[in-house]
2 protein chains.
Amino acid sequence: MRAYKHPAIEDVRPEDFFHALSDPVRLAIVRQLAREGEASCAALDGGRPKSSMSHHFRVLREAGLVQTRPAGVTHMNTLRRDELDRRFPGLLDAVLAAIG
Amino acid sequence: MRAYKHPAIEDVRPEDFFHALSDPVRLAIVRQLAREGEASCAALDGGRPKSSMSHHFRVLREAGLVQTRPAGVTHMNTLRRDELDRRFPGLLDAVLAAIG
DNA sequence: TCGCTTGTACGATGTTTATCGAACTATGGC
DNA sequence: GCCATAGTTCGATAAACATCGTACAAGCGA
């Protein structure tokens, strides 16, 4: 649990990025993170079980979209905006615009 | 076979769009269509069976990415660039840039 | 009409995926 | 050390999906 391993941004494949965005629950997470900047996992569950949310956060992490940082007993998540914009210029912004 | 039914661009959901892009075969199709403008299904198979390609084209059609037009015995496919850009401004261009 | 070509429809198979409960780990407060 | 809290991991289940062979439909040319 201690340290999460995030992929190097250069290793993120487009198909993984898009797959991470192909689920409504994960789109909601991304939307909220874009709005609030940073949030814990628990803050973003929509009444869903922890294990479901953990799964979705893992997909987002492994696709390079989200960075998770342990902060005491909670874990704070942020979008990897700058890195993603370097890897896929303009893509994340267009995605965020598309999902409102 | 005669006439394909494509979804109205307003009905295209972001998650369907992204799901269509979550497969390497379909990304290759989109890349080629962006490059060549228009192509038949057969022209884009990479030695894959027809039924596999037909499946992927169907996914792309139903996600609103591709328009298919019967032209004699072949079927020509194009990206729905203008419509998509209206629905998701800037998104398709960023996608195409990302997938090279 | 017959044959050829292009793509679809159907059905089967194996893989991936989403969902969730239960057990577990890590951290902080007392 | 003990307990509560936040997430992860594991295991099971059901649904979705990719792949491909075979059969079928539609158009064109001879």
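Bear in mind that the values here come from a model prediction, so they are computed numbers and not experimental data. Just so we're on the same page: letters track the sequence lines, and every chain starts at 1.
- Residue contacts for B:T74: at a heavy-atom cut-off of 4.0 Å it reaches the sugar-phosphate backbone alone, with no base atom in range.
- The distance from atom CG of B:N77 to atom C1' of C:dG7 is 10 Å, rounded to the nearest whole Å.
- A straight line from CZ of B:F57 to P of C:dT6 spans 14 Å, rounded to a whole angstrom.
- In this structure, CD1 of A:I29 is placed 11 Å from P of C:dA18, rounded to the nearest angstrom.
- Between A:R61 and D:dT8, a side-chain N or O to OP1/OP2 separation shorter than 4.0 Å is present.
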Check nucleotides 28-30 of chain D against the protein and report each pair of N or O atoms closer than 3.5 Å, with its distance, or say if there are none.
none

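- Within the structure, salt bridge (Lys or Arg N to Asp or Glu O under 4.0 Å) pairs that include any residue of residues 36-47 of chain B comprise B:E38-B:R69 (at least two apart or interchain).
- Listed by first and then second residue, the ring-ring contact (aromatic ring centres under 6.0 Å, His included) pairs that reach into residues 76-100 of chain B are B:F17-B:F88, sequence neighbours excluded.
- Annotation: side chain to side chain donor-acceptor pair (under 3.5 Å) contacts of B:S22 (sequence neighbours excluded): none.
- Applying the salt bridge (Lys or Arg N to Asp or Glu O under 4.0 Å) test to B:D16 and every residue at least two apart in sequence or in another chain returns B:R13.
- Distance CG (B:D16) to P (D:dA16): 13 Å, rounded to an integer number of Å.
- When the salt bridge (Lys or Arg N to Asp or Glu O under 4.0 Å) test is applied to A:R81, no partner is found at least two apart in sequence or on another chain.
- Remark: P of C:dT8 and NZ of B:K5 are 12 Å apart, rounded to the nearest angstrom.
- Across its full length, the helix from C:dT1-D:dA30 to C:dC30-D:dG1 shows an angle of 20° between the axes of its 5 terminal pairs at either end, rounded to 10 degrees.
- Of all heavy-atom pairs between B:H75 and B:V73, the closest is CD2-O, 3.7 Å.
- The distance from atom CZ of A:R58 to atom C1' of C:dA18 is 13 Å, rounded to the nearest whole Å.
- When the ring-ring contact (aromatic ring centres under 6.0 Å, His included) test is applied to A:F18, no partner is found at least two apart in sequence or on another chain.
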*Report, as a single string ordered 5' to 3', how protein heavy atoms within less than 4.0 Å touch nucleotides 18-24 of chain D: B base, S sugar-phosphate only, - not at all.*
SBBBB--

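- Taking atom CD of residue B:E15 and atom C1' of nucleotide C:dT17, one finds them 16 Å apart after rounding to whole Å.
- The CG atom of B:L65 sits 5.5 Å away from atom CG of B:L21, with the distance rounded to the nearest 0.5 Å.
- The phosphate of D:dT8 (OP1 or OP2) has a side-chain N or O of A:Y4 nearer than 4.0 angstrom.
- The interatomic distance linking B:F18 (CZ) with D:dC17 (P) rounds to 16 Å, in whole Å.
- Partners of B:P89 under the side-chain contact (heavy atoms from CB on, under 4.5 Å) rule, at least two apart in sequence or in another chain, do not exist in this structure.
- Note on residues 87-100 of chain B: no pairs pass salt bridge (Lys or Arg N to Asp or Glu O under 4.0 Å), not counting sequence neighbours.
- Within the 4.0 Å cut-off from OP1 or OP2 of D:dG7, at least one side-chain nitrogen or oxygen of A:S40 is found.
- Distance check: B:R35 CZ to B:L96 CG gives 10.5 Å after rounding to the nearest 0.5 Å.
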Just distance, no hydrogens or angles: give the donor-acceptor pairs under 3.5 Å from side chains in residues 46-59 of chain B, sequence neighbours left out.
from  : atom 1 : to    : atom 2 : distance (Å)
B:H56 : ND1    : B:R26 : NH1    : 3.1
B:R58 : NH1    : B:E62 : OE2    : 3.0

